[in-house]
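The structure appears right after this line, and notes come after that.
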Amino acid sequence: MVQQDVLETFKATQRVGWAFFAPLENLTTPTAANLVRFAGVRAGQTVLDVGCGTGVVAVTAARKGARVAGLDLTPELLERAHENSRIAGVEIAWREGDAEKLPFGDAAFDVVVSQFGHMFAPRPEVALGEMLRVLKPGGTIAFSTWPPDHFMGQMFALFGRYLPAPPPGVTPPPLWGKEENVRAWCGGAVKDLSFERGVMLFPALSPGHHRESTERTTAGGRKVVELLASDRDRMAAFRTEYHELVAKYLEDNVVRQEYLMSRATKV
Ligand SMILES: C[S@@+](CC[C@H](N)C(=O)[O-])C[C@H]1O[C@@H](n2cnc3c(N)ncnc32)[C@H](O)[C@@H]1O
């Protein structure tokens, strides 16, 4: 059993790390439309977006006429989410909170979605248990995740080689990108589990441009830079490895990233 205070410290670090993610909403905006389509969101439904960040999925669902709530750990991203719903002219109930302890009643939503969000909660069975608890029986759960064997998964593995190990009991987020894990974690709580693959595109002028953006905007990238600031050799080694990795996926100024979408019905 992982100690609760260790997990709270881990989440507090995550909250600080994700505070600079807002510029990447341009990249997750097209995939948000794909997830909302995949989840079959319709006007009048109640929808929860878990790990909503700046709210790209929530706003997309609200523009379909759904009644939407968005929850995220990071207050800086929720500030931008407020701005996004105001600009789009939709009403969304934004909440600061933790995917592992959702501040909603049982069976409150017709649809629960997460785009590259709940995968960062440390314990899959806890986050998934919460997402299913707040979903009505017969309701739809749908989420997008990055797999371990493609660019983002490899990037997280690279961060891991330069950062201290996470506390025991923290599951690596890209494990959510494997169908067999999703199937095992869902167990008998759902039926009609199905999968679809999507592709997201990250424009980048060079491997260095991609790395600079990652070092500025992502929790892992920021942590690596902070940790290696006084170790020039290790920083150079990290950057060389990063350039080699991204170069494998960069073609015509675009990094092509595959991802997994999972969808199921709560029994
Ligand atoms: C890669 S971003 C995705 C944001 C947004 N869904 C999108 O597609 O643009 C990951 C998000 O997960 C949030 N997050 C990480 N751990 C969380 C947790 N335990 N509970 C709720 N949100 C969490 C971060 O604050 C961040 O907004």
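In listed order, ligands and their atoms are each counted from 1. Note that the numbering runs from 1 along the sequence shown for the chain.
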Salt bridge flag under 4.0 Å for residues R211 and E215: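 A salt bridge is present here (some side-chain N lies under 4.0 Å from a carboxylate O).
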Look at the aromatic rings of F143 and H118 and report parallel, tilted or perpendicular, splitting at 30° and 60°.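 The rings of F143 and H118 sit tilted, inter-plane angle from 30° to 60°.
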Step by step, work out the ring pair (Phe, Tyr, Trp, His ring centres under 6.0 Å) result for H210 and F151. CA-CA 12 Å; H210 196 281; F151 172 66; 5.2 Å; yes
Could you report the tightest heavy-atom contact between T218 and L24, atom names first, then the distance?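 Smallest heavy-atom distance, with atoms named: CG2-CD1, 4.1 Å.
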When you check ligand 1 against the protein, what N or O pairs turn up below 3.5 Å? List the atom names and distances, or just say none.
from, atom 1, to, atom 2, distance (Å)
ligand 1, 6 (N), G51, O, 2.8
ligand 1, 6 (N), Q115, O, 2.8
ligand 1, 8 (O), Q115, O, 3.4
ligand 1, 8 (O), Q115, NE2, 2.7
ligand 1, 9 (O), T28, OG1, 2.7
ligand 1, 19 (N), D98, OD1, 3.0
ligand 1, 20 (N), A99, N, 2.9
ligand 1, 22 (N), L73, N, 3.4
ligand 1, 25 (O), D72, OD1, 2.6
ligand 1, 25 (O), T74, OG1, 2.7
ligand 1, 27 (O), D72, OD1, 3.3
ligand 1, 27 (O), D72, OD2, 2.7

Knowing that exactly one of F156, F238, Y242 qualifies, which makes a ring-ring contact (aromatic ring centres under 6.0 Å, His included) with Y162?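 By the ring-ring contact (aromatic ring centres under 6.0 Å, His included) criterion, Y162 pairs with just one of F156, F238, Y242: F238.
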Under the rule for salt bridge (Lys or Arg N to Asp or Glu O under 4.0 Å), what residues qualify as partners of K191, not counting sequence neighbours?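 Once residues adjacent in sequence are excluded, K191 has no partner under the salt bridge (Lys or Arg N to Asp or Glu O under 4.0 Å) criterion.
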